[in-house]
Structures are given as structure tokens and as C-alpha cells.
Amino acid sequence: DDESEATLRTPIVAVLGHVDHGKTSLLDEIRGSAVTEGESGAITQHIGATAVPLDVISEIAGELVDPTDFDLPGLLFIDTPGHHSFSTLRSRGGALADIAILVVDVNDGFQPQTLEAVDILARTQTPFIVAANKIDTVPGWNPNDHAPTQQTIDAQTDRVERDLNENLYELIGDLSDNDFSADMYWRVQDFQNNIGVVPVSAETGEGIPDLLTVMMGLSQRYMKEEMAVDVNGPAAGTVLEVTDTQGFGTTVDAIIYDGTIRADDEIVVGGVEGPIVTEVRALLRPRPLEEIRTEGQFEQVDAVAAADGIKIAAPDLDDAMAGAPIRVVGDRDVDDVIEEVQAELADIAVQTGEEGVVVKADTLGSLEALASTLEAEEIPIVRAEVGDIAPRDVRVAETANEVKHRTILGFGVETLDDASDLAEQEGVRIFDHDVIYRLVEEYEEYVEERER
Ligand code: GTP
Ligand code: MG
């Protein structure tokens with residue numbers, strides 16, 4: 001019947017890259033262009049997610065995109081601030097993200113978090129393109145606001161063009177060092193086997209028409225089948241972040257990638273101690289800046305359909321985990337749904353042993369990434385959990401037989417005050433960093449020094 005008919009949903013695009021390389025600016029520029037095009041209302045900024053409908057994309061892309069060539073409804077971009085890149089890329093039991101933009105500062109080139117992002121893209125087999133950002137900073141650049149790439153490159157002097165190309169080929173070389181064959185996007189025929197590099201500027205909007213065109217084409221060409229979902233069915237999603245929201249207590253910011261969630265649905269959410277069964281109290285959408293003063297920060301909505309970002313208020317969410325699955329029960333048996341969530345959590349669970357280091361991370365995705373790096377380095381783990389470093393973690397670490405295992409490795413988490421006091425008292429070392437391999441490197445240096 002009509003109710004269960006498959007519809008094409010919006011592909012989810014993760015925006016990844018090293019700190020300060022321009023991820024947020026790129027999305028700001030896309031939003032800004034929409035405002036300039038008189039489409040400000042059409043673009044919604046939700047929970048770290050920006051939904052851009054097809055007609056807006058086609059406005060910005062100009063002659064590069066003919067909307068009648070496409071039947072996907074648009075693109076949903078997820079910004080990944082700093083170290084949060086991992087949680088958004090988990091792709092178990094569903095698609096999050098479907099495709100990605102790797103943002104690289106064209107002058108700065110590959111940096112630690114760029115490499116980390118590339119690793120995860122490879123591991124999760126997420127197709128991506130590279131936005132070679134900040135082309136306007138090449139010395140002598142002649143800016144052409146919002147121009148397509150080819151047009152603005154043609155307007156540069158030979159020397160500027162040569163300098164830009166030098167940087168771009170260095171980037172392509174870095175990708176090839178990481179076993180990705182890449183080329184300028186206009187030379188790429190088969191985007192499944194070659195990474196397209198799109199020169200852009202988030203500052204001037206140069207190349208943004210190309211970037212949107214390539215993303216749209218890529219999703220239409222390779223993602224269309226996966227985008228066919230039953231949008232009326234019970235929602236499936238992933239928790240992006242667990243937050244406190246004034247007036248609502250603990251809430252979760254989630255990306256819904258399948259089905260519909262409604263304001264009174266029963267839901268199952270992955271938590272630290274296992275699945276949490278609860279009932280939605282409110283679905284909250286942040287208001288645009290100009291409305292906040294008069295209307296308050298959030299608007300309550302009745303329902304949200306895939307793909308979209310939404311803040312969910314419900315009782316008992318204190319133990320919810322970033323990166324965990326979230327499911328609407330609907331007319332299914334709640335036990336079946338609990339089992340489904342449990343299975344997904346177990347799938348992510350990190351292998352631990354009797355002896356090893358304690359590992360804490362901010363999301364399930366980052367915990368998984370950290371654990372797999374440690375495994376590759378043959379560093380055993382005794383306990384792995386999502387959450388800040390607490391005294392009970394110190395209590396576990398201090399029982400290690402080997403001194404080098406009396407350590408806690410924290411990624412993107414805080415160390416609670418009483419935990420650092422206790423650690424000092426008990427001779428437990430705490431390492432924290434927001435780049436995984438730096439964290440592991442620091443730990444290995446420490447071990448080496450001890451053993452010398
Ligand atoms: P994190 O969220 O901290 O990881 O950084 P980000 O990748 O979101 O970078 P962000 O967009 O905050 O940009 C960092 C700085 O670079 C800001 O000062 C931007 O104004 C600047 N910037 C970003 N893109 C461009 C660009 O294309 N050209 C120039 N000239 N500056 C840019
Ligand atoms: Mg940012």
C-alpha cells in the first residue's frame with residue numbers, strides 16, 4: 001500500500017578534515033549562498049546537520065546542475081567539529097555517512113587528522129571526494145566570488161596557476177601514498193575507483209558550484225539504490241551527541257537515516273549499560289538565530305523523516321552513548337528491537353582481556369577506532385568505555401600486573417578532578433590527546449622510556 005512505499009531519501013554527507021582546514025566555513029558558505037539566492041528559509045541547520053534541498057543546490061551550482069537530471073531530494077551535510085569525525089562515520093546497520101567530503105587546506109596539505117579521516121573512510125568503504133580548500137590564499141590569487149573552478153582558474157596568472165597546481169599535485173601524491181588513486185575531478189571518469197579533487201574556497205565561494213555538482217552526481221550515480229527507504233516506517237538513526245538541554249534535561253542529538261520518528265514514539269537507544277527503552281517527550285529543532293529571542297531556542301515538531309538531524313528529549317537518556325543506535329519501536333515487539341540494538345552494540349564492542357590498558361573515548365566510533373589502532377600495535381586492553389575518565393577507571397588501571405599497563409588512554413574526553421588526584425596517588429598514568437595516533441605514540445614513547 002501507499003504507506004510503505006519506498007521513497008528516495010537525502011544522502012548523508014560527512015564533512016571531515018584536519019582542524020581549521022575549513023569544514024565549518026564550507027558549510028557556512030553554502031548556507032550563505034542560499035541566503036543570497038533568497039533561499040534562506042529553504043536551508044535548515046539542525047543538529048550539526050545542514051539540509052540543502054535540490055532546488056537550492058541547483059541555484060548555487062548554476063548551469064552545472066540541471067535539477068531535472070536528479071531525483072534525490074538534496075544533500076544532508078554533517079559537520080564534524082574537531083575530533084568528532086569518528087562517530088559520524090560509523091556505518092553499521094545503516095548509512096551514516098553515505099558519502100564524505102574530505103576538506104584539506106591546499107597550502108597545509110595532509111595533516112594528522114586528514115590521515116585519520118582517510119583511514120576511517122577506507123575502513124568503512126565510504127566514497128568521498130576531496131575539497132582542496134583555501135585556493136584564495138595562493139599568493140597573487142585573483143578572487144572571483146562564487147565562480148566555478150575552471151572559470152576562476154582561467155582568470156589567474158600562469159604563475160598563480162602553476163603554484164596552485166603544485167599544491168594540488170602534492171595532495172594527489174599524498175592520497176596515492178595512502179593507496180587512493182586520485183586526480184582533478186574533471187579528469188575522473190569512474191568516481192568509484194578514483195578520488196576527485198575539487199579546488200574550492202570557502203571564503204570566496206569559488207569552486208562551490210563544482211563541489212555541489214560532483215556530490216550530487218556521485219550520490220545520484222552510485223547511491224540511488226541505497227537511498228530507497230520506507231520513510232513512513234519506524235525510524236532508525238545514530239546518536240551524534242548526548243547533551244543537556246535547558247528545560248528538557250539530558251537529550252540526544254541524532255541523525256535519522258531511515259523511516260520516521262514521531263513526538264510520542266517508543267524508542268530504544270544504545271546506552272553505557274545496554275539498550276535504554278524510553279518514550280519521546282519532544283522532538284526539538286533549533287530555531288534560526290533571528291527567531292531565538294522572541295520564540296525561544298527550539299521549535300517542537302511532530303515528526304521527522306529520514307534523512308534529517310533532530311534533538312530528542314526523553315526520560316532516562318543519561319546513559320545514552322554517542323555513536324550508539326537509536327530505533328523507533330513502532331508496531332514491532334519491543335524485545336525484538338532491544339535485541340537489534342544489543343546486537344549492534346555488541347558488534348561495536350571492543351575485545352578486552354585480563355591484562356592491559358584502560359581506554360576511554362567520547363563516542364563509540366572513536367572508541368572503536370582507538371581500539372583498532374591499539375590492536376594493530378599489539379597493545380592489550382583491559383577495559384574500553386565511552387565516557388570521561390573517572391575514579392573507577394583508575395581503580396581498574398591500578399590493578400594491572402605490568403607497570404606499563406597501569407595507564408589510561410583517553411581520546412576526546414575529560415579527566416574528572418578526583419580521578420587525576422587518585423591517579424597520582426596510585427601511580428596510574430593518564431594520557432589524553434585528540435588525535436588517535438598521537439595518543440598511541442605518546443604512550444609508546446612512555447613505555448620505551450620506561451624499558452630503557
Ligand atoms: P574545526 O571545526 O576546528 O576542526 O575547524 P574547521 O575545519 O571547521 O575550520 P573553520 O571553518 O573553522 O576555518 C578555520 C579558519 O580558516 C577560519 O578562520 C576561516 O575563516 C578560515 N578559512 C576557512 N576556509 C577558508 C578559505 O577558503 N579561505 C580563507 N582565506 N580562509 C578560510
Ligand atoms: Mg568546524
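Each ligand, and each atom within it, is numbered from 1 in the order the structure gives.
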Side chain or backbone of V19 under 4.0 Å from ligand 1, or both, or neither, by non-hydrogen atoms? both
For atom 21 (C) of ligand 1, which of Q113, H18, K134, E29 has the closest heavy atom? K134
Is the distance between the Mg ion (ligand 2) and the nearest N/O/S atom of S25 smaller than 2.8 Å? no
Nitrogen or oxygen atoms of D79 and ligand 1 under 3.5 Å apart: no
For E166, does the CD atom have more than 12 heavy-atom neighbours from other residues, nucleotides or ligands under 6.0 Å away? no
d(H146 NE2, T204 OG1) to nearest 0.5 Å is 8.0 Å
State which residue, out of D98, D308, D71, fulfils the salt bridge (Lys or Arg N to Asp or Glu O under 4.0 Å) condition with R9. D98
Check D20 against ligand 1 and report side chain, backbone, both or neither, counting heavy atoms closer than 4.0 Å. both
Please state which part of D136 comes within less than 4.0 Å of ligand 1, counting heavy atoms only: side chain, backbone, both or neither. side chain
Apply the side chain to side chain contact (heavy atoms under 4.5 Å, CB included) test between V118 and each candidate in V104, L102, D179, D177; give the one that qualifies. L102
Flag V200 as yes when one of its N or O atoms lies below 3.5 Å from any N or O atom of ligand 1, and as no otherwise. no
Set out, in order, the CA-CA distance, both residues' side-chain angles and the distance that settles side-chain hydrogen bond (donor to acceptor under 3.5 Å, both in side chains) for T149 and D210, then state yes or no. CA-CA 7 Å; T149 308; D210 307 64; 3.1 Å; yes
Examine the proximity of ligand 1 to E203 and report which part, side chain or backbone, both or neither, has a heavy atom under 4.0 Å away. both
For S201, atoms of ligand 1 separated by under 4.0 Å from a heavy atom: 27 (O)
Would a line drawn from the ring center of F411 to the ring center of F431 be shorter than 6.0 Å? no
Heavy-atom count around D158 CG within 6.0 Å, excluding the residue itself: above 12? no
Compute the shortest N/O to N/O distance between I135 and ligand 1 and return yes if it is under 3.5 Å, no if not. no
